[in-house]
Amino acid sequence: MKIYTCIFIILNLLILGSCKKVESKFPENIGDINFDPSLDRKDFKLCDSKNIVQYYSVNTDYKDGRKALYEEIYDKFRFNNDYITQSGILTVRFVVNCEGKTDRFRVMEVDKNYQEKNFSPTFKTYIVDIIKSLSDWIPGEKDGKKYDSYMYITMQIGDGMIKTITP
């Protein structure tokens with residue numbers, strides 16, 4: 001009986017050893033923003049690339065609060081007649097690292113009925129550039145430790161103008 005047990009264990013070890021690890025094309029966590037060399041800065045550093053948390057779990061914020069953030073966006077936005085046809089909801093997600101620097105900007109676009117939509121590339125670039133220019137981020141912190149965190153800004157756009165900003 002001992003010989004069968006030994007053979008069983010050896011066979012299992014051989015089978016397990018021959019298994020190859022399959023690389024997933026899906027992120028570890030839903031909503032992860034993976035590095036893309038065609039979009040992201042190569043010099044952007046994360047404190048812990050395996051632990052980028054949601055902004056609300058570590059209180060990521062903007063200097064002087066959300067009201068100051070919204071005012072800065074409204075101040076930087078300049079209406080252009082080329083944008084008059086732009087309407088819908090545009091969300092920009094990005095990472096604020098533990099030093100308060102930002103990168104990995106991604107855009108999601110929907111119409112007022114939450115159906116997929118495409119804003120003009122120039123309008124979309126213009127909005128993302130405004131958000132990229134915001135520099136007074138306060139990194140998320142919990143129990144005295146600073147974290148990398150995800151952040152998002154959603155804008156309701158109507159006739160080429162920013163109507164509302166959240167969160």
| query | Any sub-3.5 Å donor-acceptor pair from Asn97's side-chain atoms to Lys101's backbone N or O? | reply | yes
| query | In Å, rounded to the nearest 0.5 Å, how long is the span from NZ of Lys63 to CG of Leu134? | reply | 13.0 Å
| Can you get from Ile127 to Ile89 by hopping between Ile, Leu, Val, Met, Phe, Trp and Tyr side chains that sit under 4.5 Å apart? | no
| Is Pro139 close to Glu99 at the side-chain level, that is, under 4.5 Å between some pair of heavy atoms? | no
| task | Find the distance between CZ (Phe123) and CG (Asn118) and round it off to the nearest 0.5 Å. | result | 13.5 Å
| said: I'd like to know if Lys50 pairs up with Asp148 as an ion pair, taking the criterion as any Lys NZ or Arg NE/NH1/NH2 lying under 4.0 Å from an Asp or Glu carboxylate oxygen. | reply: no
| request: Decide yes or no for Arg104 and Ile52: does some side-chain heavy atom of the first lie under 4.5 Å from some side-chain heavy atom of the second? | output: yes
| task | With salt bridge (Lys or Arg N to Asp or Glu O under 4.0 Å) as the test, would you mind laying out the steps for Arg106 and Asp40 before giving the verdict? | result | CA-CA 10 Å; Arg106 302 295 186 268; Asp40 305 326; 2.9 Å; yes
| said: Using side-chain heavy atoms (C-beta onward) and a distance below 4.5 Å, is Val107 in contact with Leu90? | reply: yes
| said: So, taking the atom named NZ in Lys45 and the one named SG in Cys98, what distance separates them when rounded to the nearest 0.5 Å? | reply: 12.0 Å
| remark: Rounded to the nearest 0.5 angstrom, the CD1-OG1 distance for Ile130 and Thr125 is 11.5 Å
| Residue pair Asp61 / Trp137, side-chain heavy-atom distance below 4.5 Å | no
| task | For residues Tyr126 and Tyr83, establish whether the separation of their ring centroids is below 6.0 Å. | result | yes
| Audit row: Glu109, Lys124, side chain to side chain contact (heavy atoms under 4.5 Å, CB included) steps and yes/no | CA-CA 9 Å; Glu109 310 153 79; Lys124 191 169 28 177; 3.2 Å; yes
| said: Regarding Lys145 and Glu141, does a basic nitrogen lie under 4.0 Å from an acidic carboxylate oxygen? | reply: no
| Same apolar cluster (I L V M F W Y, side chains within < 4.5 Å links), Tyr152/Phe119 | yes
Under 3.5 Å, which donor-acceptor pairs do the side chains of residues 155-167 form with other protein atoms, sequence neighbours left out?
{"from": "Gln156", "atom 1": "OE1", "to": "Thr164", "atom 2": "OG1", "distance (Å)": "3.4"}

| said: Could you tell me if the side chain of Asp82 sits less than 4.5 Å from the side chain of Thr122, heavy atoms only? | reply: no
| query | Regarding Arg93 and the six-membered ring of Phe105, is the cationic atom NZ or CZ under 6.0 Å from the ring centre and inside 45° of its axis? | reply | no
| After noting the C-alpha distance and the side-chain angles of Lys132 and Thr102, does the key distance pass the side-chain hydrogen bond (donor to acceptor under 3.5 Å, both in side chains) rule? | CA-CA 7 Å; Lys132 283 181 178 181; Thr102 58; over 6 Å; no
| Is any side-chain heavy atom of Leu46 less than 4.5 Å from a side-chain heavy atom of Asn51? | no
| query | Can you hop from Tyr62 to Ile153 via hydrophobic side chains spaced under 4.5 Å? | reply | yes
| Which heavy atom of Ser38 sits nearest a heavy atom of Asp36, and at what distance? | OG-OD1, 2.6 Å
| query | Distance from Ile138 atom CD1 to Ser149 atom OG, nearest 0.5 Å? | reply | 11.5 Å
| query | Do the side chains of Asp103 and Phe94 get nearer than 4.5 Å, heavy atoms only? | reply | no
| field | Atom pair NZ/CE of Lys117 and Met108 - distance to nearest 0.5 Å | value | 13.0 Å
| message | For a 4.5 angstrom cut-off between non-hydrogen side-chain atoms, does Phe79 reach Ile84? | response | yes
| task | May I ask you to check whether Lys142 and Ser57 show a side-chain donor-acceptor distance below 3.5 Å? | result | no
| Got a donor-acceptor contact below 3.5 angstrom from the Lys42 side chain to the Pro37 backbone? | yes
| Does the ring of Tyr114 carry Lys112 above it, NZ/CZ under 6.0 angstrom from centre and within 45° of its axis? | no
| Do the side chains of Tyr150 and Leu39 join up, straight or via other hydrophobic residues, at under 4.5 Å, putting them in one cluster? | no
